[in-house]
J.: 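First, the structure itself, so that you have it in front of you.
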Amino acid sequence: MFKRWWLMGIFGLAFMVLGGCSWPPFAAAAPPPTMTIPPPTAAKAPLETPAPLPTTTPVPALTPSPTTSPATSLRPCVPQHPERKTLNMDKDQLLHGGLLLVLNAGMPLPNLDRALQRAGLGGYPQAALSVDMNGDHFEDAVVALLLSPQTQPPQGALLIYLCNKGQYAPPVVFQEPADRYAWGMPIVHFAQDMNADGRTELVVSAVHCDTNCAEKFAILGWRDGGLRDLLEDAAQPFPSPVPFLADPNGDGILDFIIETSSGERLVWHYQNGVWKR
């Protein structure tokens with residue numbers, strides 16, 4: 001009997017275990033926390049503070065070279081014929097009356113400039129300039145004609161044609177007179193009204209070169225019915241000079257200034273109709 005109850009107890013316990021009784025379930029392990037790692041970003045270079053602009057002392061405005069009076073403000077001396085573009089003359093013909101015929105036939109000065117340069121007869125930097133030498137508001141012409149390009153320095157002359165009663169008059173010729181040097185072709189650096197009197201002045205120079213180059217200057221103006229050199233007190237020539245014009249006090253009257261190769265600065269002021277140091 002006891003054995004039977006013992007066996008029934010064993011079977012009952014087994015039934016409870018296998019039949020549905022179970023231990024409380026274990027809690028599921030929490031997933032490990034995730035970490036979000038931001039993508040690497042490029043390091044930003046520190047902004048550079050811009051360096052302050054250097055301060056400069058204002059300088060007087062300089063007149064660029066070469067400078068000419070604006071031809072648009074002048075009335076043409078003769079009727080213009082833009083179709084005239086060729087010369088059909090040699091140097092001797094041009095020098096002995098040919099240029100006067102060309103101008104009075106109405107060839108515009110820009111066309112004459114190009115024609116002379118193509119023929120190898122034009123001076124530097126321009127062969128033909130429009131100016132008003134006598135202040136009558138009619139176009140006068142300055143022609144730089146190369147006469148002996150084979151010499152050193154090349155030889156030439158400035159021919160100045162004034163407008164007179166509706167036609168160009170025979171030219172006034174400027175050449176640096178020969179002394180112990182053979183001076184080269186006159187170069188027009190500036191052509192403008194330097195003293196605000198309505199007339200054009202020409203700043204010209206001529207060069208002589210042997211071992212070194214020397215240069216002498218003139219300021220040409222039309223005074224008392226003729227061409228005059230208005231530059232005084234100039235111990236010339238100068239070695240490798242740089243010329244320019246400036247108006248430091250803003251009165252409309254230009255000073256003539258030369259800086260020499262030795263660094264010397266020479267200034268001529270306008271006084272009593274001429275430029276003096």
Side-chain angles (χ1 to χ4, degrees), residues 63-71 77 84-104 107-133 139-163 168-178 181-192 194 200-209 213-222 227 229 231 236-238 240-245 256:
T63 303
S65 173
T67 305
T68 62
S69 301
C77 181
R84 298 184 183 273
K85 299 179 180 180
T86 57
L87 294 173
N88 299 320
M89 297 182 188
D90 61 23
K91 176 184 61 180
D92 291 334
Q93 291 172 318
L94 291 172
L95 186 61
H96 296 94
L99 275 174
L100 184 61
L101 293 176
V102 168
L103 288 169
N104 282 325
M107 178 183 283
L109 291 181
N111 292 4
L112 177 59
D113 178 74
R114 287 189 289 269
L116 288 171
Q117 298 293 4
R118 283 195 301 267
L121 300 174
Y124 173 85
Q126 283 181 264
L129 302 175
S130 172
V131 297
D132 184 7
M133 297 296 295
E139 184 178 64
D140 304 320
V142 176
V143 178
L145 188 63
L146 194 59
L147 302 177
S148 301
Q150 71 279 2
T151 61
Q152 292 298 327
Q155 304 292 309
L158 293 182
L159 288 78
I160 301 171
Y161 297 85
L162 265 64
C163 184
Y168 287 103
V172 177
V173 180
F174 173 80
Q175 283 178 295
E176 197 62 55
Y181 296 122
W183 294 99
M185 172 79 197
I187 298 171
V188 180
H189 294 273
F190 306 97
Q192 67 185 96
M194 294 174 58
T200 301
E201 283 77 40
L202 306 175
V203 178
V204 304
S205 72
V207 177
H208 169 77
C209 295
C213 290
E215 193 167 358
K216 63 190 306 185
F217 288 85
I219 298 178
L220 304 179
W222 196 261
L227 193 67
D229 183 1
L231 183 65
Q236 304 200 55
F238 303 100
S240 303
V242 177
F244 57 93
L245 306 178
F256 175 58

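Heavy-atom basis, side chains included; hydrogens, waters and symmetry copies ignored.
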J.: Where the side chain of Thr151 meets the backbone of Pro153, is there a donor-acceptor pair that is under 3.5 Å apart?
T.: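 Answer holds: yes.
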J.: Students often mix this up, so state it plainly: with edges at 30° and 60°, are the rings of His189 and Phe217 parallel, tilted or perpendicular?
T.: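 Tilted, since the angle between the ring planes falls between 30° and 60°.
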J.: Check the pair Lys216, Val207 against side-chain contact (heavy atoms from CB on, under 4.5 Å), reporting the backbone distance first and the verdict last.
T.: CA-CA 7 Å; Lys216 63 190 306 185; Val207 177; over 6 Å; no
J.: With a 4.5 Å limit on heavy-atom distance, are the side chains of Val188 and Leu129 in contact?
T.: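 Yes. Closest side-chain heavy atoms under 4.5 Å.
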J.: Counting C-beta onward and ignoring hydrogens, is there a side-chain heavy-atom pair between Leu109 and Leu103 closer than 4.5 Å?
T.: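 In contact.
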J.: Looking at every heavy atom in both Phe256 and Pro243, which two are closest together, and how far apart are they?
T.: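 Phe256 and Pro243 have their closest heavy atoms at CE1-CB, 3.9 Å.
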J.: Just so I know, are the side chains of Ile160 and Leu202 near enough to count as touching, which here means a heavy-atom distance under 4.5 Å?
T.: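 A side-chain contact exists here, since the closest heavy-atom pair is under 4.5 Å.
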J.: Atom CD in Gln126, atom CZ in Arg114: separation rounded to 0.5 Å?
T.: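 The CD atom of Gln126 sits 11.0 Å away from the CZ atom of Arg114.
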J.: Would you say the side chain of Cys163 lies within less than 4.5 Å of the side chain of Asp140, judging by non-hydrogen atoms?
T.: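 Contact flag for Asp140/Cys163 side chains = yes.
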J.: Which heavy-atom pair separates Ala169 from Tyr161 by the least distance, and what is that distance?
T.: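 For Ala169 and Tyr161, the tightest heavy-atom pair comes out as O-CD2, 3.4 Å.
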J.: Please examine the side chains of Glu139 and Val131, heavy atoms only from C-beta on, and report whether any two atoms are closer than 4.5 Å.
T.: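 When only atoms from C-beta onward are counted, Glu139 and Val131 do not touch, as no gap falls below 4.5 Å.
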J.: Would you confirm whether Thr200, through its side chain, and Asp132, through its main-chain N or O, come within 3.5 Å as a donor-acceptor pair?
T.: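 Side chain of Thr200 to backbone of Asp132: a pair is present.
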J.: Can a donor-acceptor pair be found, under 3.5 Å and without considering hydrogens, that links the side chain of Asp229 to the backbone of Ala218?
T.: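 The answer is no, because no donor-acceptor pair under 3.5 Å joins these two groups.
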J.: Tell me if a side-chain donor or acceptor on Glu215 pairs with a main-chain N or O of Cys213 at a distance below 3.5 Å.
T.: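 No; judged by distance alone, with no hydrogens or angles, the pair does not exist.
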J.: Give the minimum heavy-atom separation between Arg118 and Lys85, together with the two atoms involved.
T.: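 Closest approach of Arg118 to Lys85, heavy atoms only: NH2-O, 3.1 Å.
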J.: Tell me if a side-chain donor or acceptor on Gln155 pairs with a main-chain N or O of Pro149 at a distance below 3.5 Å.
T.: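 No; judged by distance alone, with no hydrogens or angles, the pair does not exist.
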J.: Take Leu112 and Leu87, measure what side-chain contact (heavy atoms from CB on, under 4.5 Å) needs, and give me the verdict at the end.
T.: CA-CA 8 Å; Leu112 177 59; Leu87 294 173; 3.7 Å; yes
J.: Ignoring hydrogens, what is the shortest heavy-atom contact between Gly156 and Pro186? Give both atom names and the distance.
T.: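 The answer is O-CD, 3.5 Å.
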J.: Taking Asn111 for the side chain and Arg84 for the main chain, is one N or O donor matched with an acceptor at less than 3.5 Å?
T.: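 Indeed, once roles are kept as given, a pair shorter than 3.5 Å links the two residues.
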J.: Establish, yes or no, whether a centroid distance under 6.0 Å links the rings of Phe244 and Phe190.
T.: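 No; Phe190 has its ring centre 6.0 Å or more from that of Phe244.
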J.: Taking all non-hydrogen atoms of both residues, which atom of Met194 and which atom of Glu201 are closest, and how far apart?
T.: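 Taking every non-hydrogen atom into account, N-OE1, 2.8 Å.
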J.: Give, for atom CG of Leu116 and atom CG of Leu121, the distance between the pair rounded to the nearest 0.5 Å.
T.: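 Separation between the atoms: 6.5 Å.
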J.: Given the rule in the side-chain contact (heavy atoms from CB on, under 4.5 Å) test, do Leu146 and Met185 qualify, once you have shown the distances and angles that lead to the verdict?
T.: CA-CA 7 Å; Leu146 194 59; Met185 172 79 197; 4.2 Å; yes
J.: Should Leu95 and Leu99 count as side-chain neighbours, where that means a heavy-atom distance under 4.5 Å?
T.: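 When only atoms from C-beta onward are counted, Leu99 and Leu95 do not touch, as no gap falls below 4.5 Å.
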J.: Using a 4.5 Å cut-off on heavy atoms from C-beta on, say whether the side chain of Tyr124 contacts that of Gln117.
T.: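 Side chain of Gln117 against side chain of Tyr124, heavy atoms only: no contact under 4.5 Å found.
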J.: Which heavy atom in Met89 sits nearest to a heavy atom in Gly98, and how many Å separate them?
T.: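 Taking Met89 first and Gly98 second, the nearest heavy atoms are SD-CA, 3.5 Å.
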J.: Is there a side-chain contact (heavy atoms from CB on, under 4.5 Å) between Leu162 and Tyr168? Walk through the geometry before answering.
T.: CA-CA 6 Å; Leu162 265 64; Tyr168 287 103; over 6 Å; no
J.: Answer whether the closest heavy-atom distance between the side chains of Gln175 and Leu147 falls below 4.5 Å.
T.: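 Contact flag for Gln175/Leu147 side chains = yes.
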